[in-house]
Amino acid sequence: MIDKQTRIKIAIQKSGRLTEHSLDLLERCGLKYTRGRDQLIGYGENMPIDLLFVRDDDIPGLVRDDVCDLGIAGLNIIEEKRLEYGCDGIMAPYTEVCRLDYGHCRLAFGYPETGARQAITELDGATIATSYPFTVRDYLKRNDISADVVEFSGAVEIAPSLGRADVICDLVSTGTTMIANKIREGETILESQCMLIRTPVAIPEEKTAWVNRLLQRIEGVMQVRESKYIMMHAPKSALAEIRALLPGAESPTVLPLEGVDGRVAIHVVCRENVFWETLEALKDVGASSILVVPVEKMLA
Ligand code: PRT
Ligand code: ZN
């Protein structure tokens, strides 16, 4: 029995595209857990956090119903369920906390290569197959298009060849599935990535300190993903040029170099990846001994 009053419950995907990334994120936040015998619950050992392993489609509902305090799922599912619950009169079933920068994909129309319809301007009267009926209907309504939407729970891309739809609207990442099914990818109606959501009700006071701590750590993990610590020697006079060359850099630390006039050591954290071209440009303005090292942890 999990103590609801003191332990934070997080819903994550049991097994699928998001599972490994979500577990990796939580582990980077310092969470150690053991998985129960039924494998449905992970019990946090070093933090008052327990994980509920479920199908991604169930995550928004578990957070809406306050069974879980937090949930991690794709924006595609979160938005679809938000629209579905909105139809029940529930306007704000959960709060979107932050984007997690993995699970990137898009919900896009797909037009069979040999079909008569090839653009959204030709959708009036069409039948559209999708696993996201609420999102697609909402899009059609907002764009004043009158088309039929048929729901497919999977394998949407075969709907046209089965004669069940003229057009599809499905998730795409590399695009190879549509191409393999002779479907041309069209307009994107939703750009998606993984997202952290939280319950619409107030989190019990006993848990808020740990929730805030976790959110701060998640933010730190997201920030260090691309961050680099850069060290170099350079002419002091080139400082402004060097700052302009470094993407997302904070104020640099500038240190004198023992026995060298006019040159300094510069240390700086860059919030974005640093490419060879940047190092070459730094060298061109007089930098030398340039070192780029990954950042392990960061707390703003
Ligand atoms: O069992 P459960 O219900 O939990 O899992 P699921 O099968 O519904 O979901 P899963 O694991 O396939 O995907 C989970 C989430 O990953 C989705 O809700 C999206 O947020 C995200 N995601 C990212 C994707 C894709 N990329 C993706 N490419 N989800 C599905 N796809 C499909 C796509 O529709 C296509 O059929 O993968 C196929 C390959 O795509 P292409 O374009 O790379 O060929
Ligand atoms: Zn699913």
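Order of appearance sets the numbers: ligands from 1, and atoms from 1 within every ligand.
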Original post:
Does Asp170 reach the side chain of Phe109, with side-chain heavy atoms less than 4.5 Å apart?
Top reply: no
Original post:
Should we say atom CG of Asp144 is surrounded by more than 12 heavy atoms from elsewhere, each under 6.0 Å from it?
Top reply: no
**OP:** Working to the nearest 0.5 Å, report the span between CG of Leu196 and CD1 of Ile12.
**Re:** 11.5 Å
**OP:** Specify the closest pair of heavy atoms between Met178 and Ala108, including all atoms of both residues, with the distance to one decimal.
**Re:** CE-O, 3.8 Å
Original post:
What's the verdict on side chain to side chain contact (heavy atoms under 4.5 Å, CB included) for Cys105 and Glu191, showing C-alpha distance, side-chain angles and the deciding distance?
Top reply: CA-CA 6 Å; Cys105 57; Glu191 290 282 356; over 6 Å; no
Subject >> Neighbouring protein N, O or S atoms of the Zn ion (ligand 2), below 2.8 Å >> reply: 2
**OP:** Tell me the residues surrounding ligand 1, counting only those with a heavy atom closer than 4.0 angstrom, sorted by chain and number.
**Re:** Gln13, Gly16, Arg17, Leu18, Arg55, Asp56, Asp57, Gly74, Asn76, Ile77, Gly103, His104, Cys105, Asp170, Leu171, Val172, Ser173, Thr174, Gly175, Thr176, Thr177
**OP:** Step by step, work out the side-chain hydrogen bond (donor to acceptor under 3.5 Å, both in side chains) result for Asp148 and Thr127.
**Re:** CA-CA 5 Å; Asp148 274 341; Thr127 302; 4.6 Å; no
Subject >> Close side-chain approach of Tyr94 and Arg82, heavy atoms under 4.5 Å >> reply: yes
Original post:
Between Thr130 (side chain) and Cys169 (backbone), is there a donor-acceptor pair under 3.5 Å?
Top reply: yes
**OP:** List the atom of Gln13, the atom of Ile59, and the distance in Å for their closest heavy-atom pair.
**Re:** N-CD1, 3.6 Å
